[in-house]
Amino acid sequence: MPLTICTWNINSVRIRLDIVRAAVEQLRPDVLCLQETKCQDDKFPLNAIRDMGFPHIALNGQKGWHGVATFSRRPFVKVEKGDFCGKGDARHIAVTLAPEAALGKPLTVHNFYVPAGGDIPDPELNPKFAHKLAFLDELTAWAPLLRDAGDADSHAVLVGDLNIAPLETDVWNHKQLLSVVSHTPIEVDKLTTLQAAGAWVDVMRNFVPPQEKLFTWWSYRSPDHTVNDRGRRLDHVWASRTLAPSAGAMTVLKDARSWEKPSDHVPVALTFG
DNA sequence: ATGGTAGGCAACCTA
């Protein structure tokens, strides 16, 4: 049986249970990684998630903002949470699934919500941008991630809202967005360095070549997001070198941006094995 | 060049 992993910045899990259910029915993921759940762990709608077919739930939430959660049809053998920049922010959770027939090795799924970085792309003037850059530096040297990326005896995936659109075709207008946080050269450089440190493969781009535009996010601050298609690819799926060749299909569920009470991000699903 | 919308949570903060 192949294994489908889905990532989605949901922008509050509690007010979007209906569209989470709709996405699950459409994509049938085995593992669903959410970001910006904006929900404390003791307030999480566990029963609704179990009813969607995910008996196994790993949470890293906090009150009011951030928060990540990973749901699975198969049990976890390990759960790990990272704390970056010493802020206690809920921006990461990793789960490990036991070996399964198609992939043959344990699989670790890292689910990240990278700081957005505010509006001003200058770390001297904007502490939120400084935090984003420091977060990326810290991740690049983070031993658990390097360990999982390079482990020959297990597979690894890194997914989430990385809040950076690295390629020229990951934004609607490269030149116009060069000084807009999410596409500045310094962020792109740090993301590329992080990717190289683990030899991660940007598997979404195995399915849509780098010459073609590919977006996962469209701003709320536009009356109609379909006009001029002014999107960005902020959400990513990276696979370890050993796993990447078994990536068999990708879906970016763009329709979800037009659903009732949408998130500004859409789900991305990758099938392995 | 600016401001536009959305969510949490009860002031404005964040995206």
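Chain identifiers are assigned alphabetically (A, B, ...) following the order of the sequence lines, protein sequences preceding nucleic acid strands; residue numbering begins at 1 within each chain.
Sequence neighbours left out, not one pair with a member in residues 11-39 of chain A passes ring pair (Phe, Tyr, Trp, His ring centres under 6.0 Å). Applying the salt bridge (Lys or Arg N to Asp or Glu O under 4.0 Å) definition to pairs two or more places apart or across chains, those involving residues 3-25 of chain A are A:Asp18-A:Arg21.
If you check residues 219-228 of chain A against DNA chain B, the residues with a heavy atom closer than 4.0 Å are A:Tyr220, A:Arg221, listed by number. Looking at residues 171-186 of chain A, you'll see that no heavy atom sits under 4.0 Å from any atom of DNA chain B. For residues 110-118 of chain A, proximity to DNA chain B is found at A:Tyr113, A:Ala116, defined as any non-hydrogen atom under 4.0 angstrom from a strand atom.
Relative orientation of the A:His110 and A:Trp200 rings is perpendicular, given thresholds of 30° and 60° on the angle between their planes.
Looking at A:Pro55 and A:Phe71, their side chains never come closer than 4.5 Å, going by heavy atoms from C-beta outward. Side chains of A:His92 and A:Asn111 form no contact here, defined as non-hydrogen atoms less than 4.5 Å apart.
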Let me check something: any side-chain donor-acceptor pairs from residues 133-145 of chain A under 3.5 Å, sequence neighbours excluded? List them with distances.
{"unit_1": "A:Asp137", "atom_1": "OD1", "unit_2": "A:Lys190", "atom_2": "NZ", "d": "3.0"}
{"unit_1": "A:Asp137", "atom_1": "OD2", "unit_2": "A:Lys190", "atom_2": "NZ", "d": "3.3"}
{"unit_1": "A:Glu138", "atom_1": "OE1", "unit_2": "A:Cys85", "atom_2": "N", "d": "3.0"}
{"unit_1": "A:Glu138", "atom_1": "OE2", "unit_2": "A:Cys85", "atom_2": "N", "d": "3.1"}
{"unit_1": "A:Thr140", "atom_1": "OG1", "unit_2": "A:Leu136", "atom_2": "O", "d": "2.8"}

Contacts under 3.5 angstrom, residues 149-161 of chain A side chains, donor-acceptor by atom type, not counting sequence neighbours:
{"unit_1": "A:Asp151", "atom_1": "OD1", "unit_2": "A:Asp153", "atom_2": "N", "d": "2.8"}
{"unit_1": "A:Asp151", "atom_1": "OD2", "unit_2": "A:Ser154", "atom_2": "OG", "d": "3.1"}
{"unit_1": "A:His155", "atom_1": "ND1", "unit_2": "A:Thr242", "atom_2": "OG1", "d": "3.2"}
{"unit_1": "A:His155", "atom_1": "NE2", "unit_2": "A:Leu103", "atom_2": "O", "d": "3.2"}
{"unit_1": "A:Asp161", "atom_1": "OD1", "unit_2": "A:Asn163", "atom_2": "N", "d": "3.0"}
{"unit_1": "A:Asp161", "atom_1": "OD2", "unit_2": "A:Asn9", "atom_2": "ND2", "d": "2.9"}

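Toward the 5′ end of DNA chain B lies the nearest nucleotide of A:Ile15, the other residue of the pair A:Glu36 and A:Ile15 mapping further downstream. Nearer to the 5' terminus of DNA chain B, by closest-nucleotide assignment, is the contact made by A:Val13 (compared with the other of A:Asp264 and A:Val13).
Residues satisfying the side-chain hydrogen bond (donor to acceptor under 3.5 Å, both in side chains) criterion with A:Arg91, sequence neighbours excluded, are A:His66, A:Asp89. Looking at residues two or more places apart in sequence or on another chain, you find a side-chain contact (heavy atoms from CB on, under 4.5 Å) between A:Trp218 and A:Phe215, A:His225, A:Asp229, A:Lys254, A:Arg257, A:Val266. With sequence neighbours excluded, the residues satisfying side-chain contact (heavy atoms from CB on, under 4.5 Å) with A:Val208 are A:Arg205, A:Glu212, A:Leu214, A:Met250. In this structure, the side-chain hydrogen bond (donor to acceptor under 3.5 Å, both in side chains) partners of A:Asp224, at least two apart in sequence or on a different chain, are A:Thr226.
Nearest heavy-atom pair, A:Val181 versus A:Glu187, reported as atom, atom and distance to 0.1 Å: CA-OE2, 3.6 Å.
From A:Thr4, atom OG1 reaches atom CG of A:Leu32 across 11.5 Å, with rounding to the nearest 0.5 Å.
B:dG4 sits 22 Å from B:dC9 when the C1' atoms are compared, rounded to a whole Å. Straight-line distance between the C1' atoms of B:dA10 and B:dT14: roughly 15 Å, to the nearest whole Å. Spacing between B:dA15 and B:dA1 at atom P, rounded to whole Å, works out to 25 Å. With P as the reference atom, B:dT2 and B:dA6 are 23 Å apart, rounded to whole Å. Separating the P atom of B:dT5 from that of B:dA11 is a span of 24 Å, rounded to the nearest Å.
The outermost nucleotides of DNA chain B lying under 4.0 Å from heavy atoms of chain A, listed 5' to 3', are B:dG4 to B:dA15.
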